[in-house]
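Chain letters run A, B, ... following the sequence lines, proteins first and then strands; every chain starts at 1. These numbers come from the heavy atoms of this one structure, side chains and all, not from hydrogens, waters or symmetry mates.
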Amino acid sequence: MAVLTSQHDDFPRWYQDVVAKAELADNGPVRGTMVIRPWGYAIWELLQAELDAHIKRAGAENVYLPLLIPEGYLRREAEHIEGFSPELAVVTHAGGKQLEEPAVIRPTSETLFGEYLARWIQSYRDLPLCLNQWANAIRWELRTRLFLRTSEFLWQEGHTAHAAQGDAAAYARRIHADVYRAVLEGVLAIPVLTGLKTEAERFAGATTTLTCEGMMRDGKALQLATSHELGQNFARAFDITYTSESGAVEHCWTTSWGSSTRMVGGLIMCHGDDAGLRLAPAVAPAQVVIVAVKDDPEVLATVERLERELDELGIRLRVDRRTDLGLGRRLTDWELKGVPVRLEVGPRDLAAGTASLVRRDGAPRIAVALDDAAAGARDALGQAQAALLSQARSELERRTVDVETLEEAIEASGEGFARIDWAACGVEGERRANAVGVTVRCLMRADGSIPDTAEEDDLVAVLARAY
RNA sequence: CGGGGAGUGGCGCAGUCUGGUAGCGCACCCGGCUGGGGGCCGGGCGGUCGCAGGUUCAAAUCCUGUCUCCCCGACCA
C-alpha cells in the first residue's frame with residue numbers, strides 16, 4: 001500500500017503499477033501526454049456516457065468549438081490570462097508561414113465560449129443558454145501523472161449564461177450536485193466532500209468555485225470536478241449582453257464547469273488495491289468474466305450456456321477460454337484489470353453442479369448452483385457497487401478528524417482530512433499550511449452543506465494534502 | 001531555473017572503477033509436460049551499448065563534446 005515517503009511528494013508507486021498492469025494507459029511520445037489503451041478508454045467511455053446523460057438531464061446541450069483560440073481572446077479577461085499563461089501551448093506557424101496572431105491550443109474554452117455566447121444571445125428570451133462541450137485540452141504542466149494530470153486531457157466543459165446572478169448560482173450548484181456528485185458517488189462509488197474553494201484555490205476568473213473532493217486510499221485529496229460562477233467577469237470582457245424585458249441592455253451572469261479523465265485516476269486511487277484495479281460495476285468494460293478453467297468439452301459447453309444467460313441479462317461480459325495459459329496467470333490478469341465479478345467453471349465445479357463466483361471487492365469466494373449462476377452474478381454486481389462505495393465512505397470517515405488549531409490540522413493532514421473552523425485558520429493559516437504542502441480543499445458549513453458564499457460566518461475548512 | 005540520477009534487445013536491469021569484441025530476468029515464438037492462483041523442462045528470435053569525435057592492436061568500458069529522458073522544488077483539472 002502507499003507509503004508516505006517524503007513530506008512533499010508521496011506519490012504511491014502502486015498507482016503507476018496499477019495503470020500499467022491493468023493496461024489502462026501509457027506515456028505518450030510528447031512529454032506528459034498519455035496514450036489511453038482500450039481497457040482504459042472503455043472505462044472512460046462508460047463514464048463519459050453517464051456524465052453526458054446527467055448533463056443533458058440538467059438541461060445543457062452539446063456543441064463543439066475550435067481547438068485553436070486567437071491569443072487575443074485570452075487577454076480579454078485579466079485574471080484568466082494571468083492564471084493560464086505559464087501553461088499554454090501556442091501555435092506560431094501554419095501553412096509554412098508565421099501566423100499574424102499566434103493561436104493558443106485551448107487550455108479551457110471560457111474565452112471562446114465568451115465570444116460565441118455574445119453572438120448567440122440577444123434577448124432575455126435566449127436565456128438561460130446552457131452549453132456543454134466534450135473535447136481535449138492542453139495545459140503544459142510541469143509535472144504530470146497518467147490520468148491525474150497529463151498535458152493533454154479529455155474532458156467536458158460546460159458554459160452557461162443567465163439573466164440573474166441567482167440563476168447562475170443555482171445552475172452551478174445544480175450541476176455540482178446532480179451531475180458531478182451524483183456520478184462520482186452513484187457511478188464511480190467515490191464518496192466526496194463538497195464545498196467552496198477559498199479565494200486562493202479558486203479558478204482563474206471565477207467569483208465562486210464549487211468542488212468535489214475525493215479521498216484517495218492513502219488519505220490524500222483529489223479534486224474530481226469543479227463548477228464555477230464567473231459573475232459578470234467574462235460577460236463584461238466579451239460583451240455577453242441581452243435586452244431585458246424592460247428593454248434595457250444587461251450583462252449576463254455566466255458559469256463554467258468541468259470534469260476530466262482525471263476521474264479515471266480517482267477511480268484507480270480510491271478503489272485500487274495491491275492486487276490491482278477494482279472497478280465499480282457501472283464503469284466496468286467487463287462486469288463479469290467467465291473463466292473456463294480447463295479445455296474440456298463439458299466445461300466449454302457450460303461456459304457457453306452461462307455466456308448466453310448473462311448476455312440475456314444485459315451484462316457486459318468477457319469469456320476467458322485461454323486454456324493454453326496457466327490458470328493463475330489468467331485469474332491474476334482479470335484481477336489486475338479490476339473486473340468486479342468472476343465466474344470460474346472447471347471440472348471440479350461441474351462435478352458439484354456449481355460455478356465459483358468471486359467478487360473483486362473482497363467478498364469470499366462462493367459456489368453457486370449452475371442454474372442460479374447468471375442471476376447470482378447479476379446480484380453480485382449490485383452488491384459490489386454498493387460495497388465499494390461503503391468501503392470508501394468508511395475510509396473517508398475514519399480518516400477525517402475535527403481539530404482546533406492549525407498545527408493539529410497540519411499534523412492530521414498526514415493521515416487524511418482535517419476539519420477546522422475557518423475562523424481559526426483563515427487566509428494567513430492557509431498560507432502557512434500551503435508552505436508545508438497542505439491545502440484548504442474546501443469550505444463548508446458545520447453540517448456539511450454548501451455555503452452561499454465563502455464569506456459566510458462559522459464555516460469549516462477541510463485541510464489535506466492533495467494530488 | 002536550482003539540486004540529484006539515468007541512457008545497453010519490446011520492458012526492467014547487470015557489465016563501466018580494473019578496456020579483450022555483450023549478458024540476465026520478464027515478454028515474445030516453437031515443442032512438450034501441466035492445469036482450481038503469476039507452473040515446469042527444452043529449444044529459439046531479437047541489441048552497430050543515446051549521438052559525434054578522440055586515445056588504443058582492441059572501447060559499452062578511458063577522454064572531449066553533445067543530445068535526450070527521469071526524479072525533487074516552484075505552477076496546476
Side-chain angles (χ1 to χ4, degrees), chain A residues 5-11 13 16-17 20-21 23 26-32 34 82-88 106-110 135-145 147-158 180 197 200-204 206 209-214 221-228 256-266 274-276 291-296 299 320 322-336 342-352 354-358 365 367 434-437 439 466-467:
Chain A
T5 51
S6 76
Q7 190 170 29
H8 294 295
D9 193 275
D10 356 274
F11 198 74
R13 292 176 58 192
Q16 201 79 18
D17 255 22
K21 290 183 177 168
E23 299 180 355
D26 299 310
N27 286 304
V30 173
R31 187 180 181 283
M34 170 170 62
E82 195 186 323
F84 279 107
S85 62
E87 55 195 59
L88 297 179
R106 63 180 161 228
T108 176
S109 306
E110 267 75 8
N136 53 351
I138 287 188
R139 298 182 191 174
W140 216 258
E141 305 288 358
L142 297 176
R143 287 182 50 208
T144 61
R145 313 239 94 129
F147 287 113
L148 297 181
R149 183 178 300 106
T150 41
S151 300
E152 178 182 359
F153 53 95
L154 305 179
W155 75 342
Q156 62 68 216
E157 45 177 327
Y180 296 144
K197 285 292 187 188
E201 297 282 331
R202 212 172 279 162
F203 176 73
T209 292
L210 295 106
T211 182
C212 288
E213 299 285 326
L222 182 68
Q223 177 178 312
L224 287 157
T226 50
S227 190
H228 316 286
S256 72
W257 27 279
S259 64
S260 70
T261 33
R262 167 178 280 192
M263 277 192 182
V264 177
D274 290 345
V291 178
V293 171
K294 194 170 172 167
D295 187 9
D296 165 275
V299 167
D320 185 347
R322 299 173 297 169
T323 47
D324 52 330
L325 284 180
L327 179 67
R329 159 67 57 135
R330 294 150 66 209
L331 300 185
T332 306
D333 274 353
W334 295 114
E335 229 159 44
L336 287 167
R342 195 170 71 225
L343 277 176
E344 299 168 10
V345 181
R348 206 178 286 172
D349 301 290
L350 292 189
T354 61
S356 300
L357 189 154
V358 184
R365 171 190 303 256
N434 289 352
V436 293
T439 50
Y467 282 105

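- Taking CZ of Arg322(A) as the reference point, atom CG of Asp333(A) lies at 5.0 Å (rounded to 0.5 Å).
- A gap of 13 Å separates the C1' atoms of C63(B) and G19(B), to the nearest Å.
- Here A77(B) is the nucleotide among C72(B), A77(B), A27(B) with the atom lying nearest to any side-chain atom of Ser260(A).
- Across the P atoms, U21(B) and A58(B) are found 15 Å apart, a figure rounded to whole Å.
- Heavy atoms of Pro107(A) sit nowhere under 4.0 angstrom from any nucleic acid atom.
- With C1' as the reference atom, G50(B) and A60(B) are 12 Å apart, rounded to whole Å.
- Side-chain proximity of Phe153(A) to the nucleotides G36(B), G38(B), A77(B) is greatest for A77(B).
- If you check G39(B), G37(B), G36(B) against the side chain of Glu335(A), the one that comes closest is G37(B).
- Regarding Asn27(A), its CG atom lies at a distance of 15 Å from the C1' atom of U68(B), rounded to whole Å.
- Look at the C1' atom in both C70(B) and U56(B): the space between them is 34 Å, to the nearest Å.
- Among the heavy atoms of the strands lying under 4.0 Å from Thr150(A) is at least one base atom, whether or not backbone atoms are also near.
- The C1' atoms of C28(B) and C69(B) are separated by 26 Å, rounded to the nearest whole Å.
- Of the candidates G38(B), A77(B), G36(B), the closest approach to any side-chain atom of Leu336(A) belongs to G38(B).
- Contact annotation for Leu325(A): base contact, defined as any heavy-atom pair under 4.0 Å involving a base atom.
- Contact annotation for Gly346(A): base contact, defined as any heavy-atom pair under 4.0 Å involving a base atom.
- A 3.5 Å limit on both hydrogen-bonding distances identifies U68(B) as the Watson-Crick or G-U partner of A6(B).
- Within 4.0 Å of Ile138(A), counting heavy atoms only, lies no atom of the nucleic acid at all.
- Contacts of Gln223(A) with the nucleic acid, taken as non-hydrogen atoms under 4.0 Å apart, involve only primed sugar atoms and P, OP1 or OP2.
- Counting only heavy atoms from C-beta on, Thr332(A) has its side chain closest to G38(B) among G38(B), C75(B), C71(B).
- With hydrogens and angles left out, the side chain of Arg330(A) and the base of G36(B) share no donor-acceptor pair within 3.5 Å.
- Here, G47(B) and G15(B) have their C1' atoms 14 Å apart, quoted to the whole Å.
- If you take CD of Glu201(A) and P of A77(B), they are 8 Å apart, rounded to a whole angstrom.
- Atom CG of Leu210(A) and atom P of A77(B) are 15 Å apart (whole Å).
- Comparing atom distances between the Glu344(A) side chain and each of G37(B), A77(B), G38(B) picks out G37(B) as nearest.
- Salt bridge absent: Arg106(A) and Glu157(A) never bring a charged side-chain N and a carboxylate O closer than 4.0 Å.
- Of all nucleotides listed (C75(B), C72(B), G36(B)), C72(B) comes nearest to the side chain of Arg145(A).
- Asp333(A) comes within 4.0 angstrom of a base, heavy atoms only.
- Using atom P as the reference point in both C75(B) and A6(B), the two lie 29 Å apart (nearest Å).
- Residue-level contact check: Arg322(A) touches neither bases nor backbone, having no heavy atom under 4.0 Å from any strand.
- Between Glu335(A) and Lys21(A), no side-chain nitrogen of the basic residue sits less than 4.0 Å from a carboxylate oxygen of the acidic one, so the salt-bridge criterion is not met.
- Distance from the side chain of Glu141(A) is smallest to A77(B) among A77(B), G36(B), A27(B).
- Base contact: Leu331(A) has a heavy atom under 4.0 Å from a base atom.
- Here Trp155(A) does not pack flat against the base of A77(B), since the 5.5 angstrom centre distance and 30 degree tilt limits are not both met.
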Pair Glu110(A), Phe203(A) - check side chain to side chain contact (heavy atoms under 4.5 Å, CB included), show working.
CA-CA 11 Å; Glu110(A) 267 75 8; Phe203(A) 176 73; 3.6 Å; yes

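- The shortest heavy-atom contact between Pro107(A) and Phe84(A) is CB-CD2, 4.0 Å.
- Atom-to-atom, CG of Asp324(A) to C1' of C40(B) comes out at 16 Å; the value is rounded to the nearest Å.
- Phosphate proximity of G36(B) to Arg342(A): absent, as no side-chain N or O sits under 4.0 Å from OP1 or OP2.
- Here, C71(B) and G36(B) have their C1' atoms 43 Å apart, quoted to the whole Å.
- In the set A77(B), G36(B), G38(B), G38(B) carries the atom at the smallest distance from any side-chain atom of Lys21(A).
- Residue contacts shown for Ser356(A) include a base, since a base heavy atom lies under 4.0 Å away.
- The residue Thr226(A) sits apart from the nucleic acid: no heavy atom pair falls under 4.0 Å.
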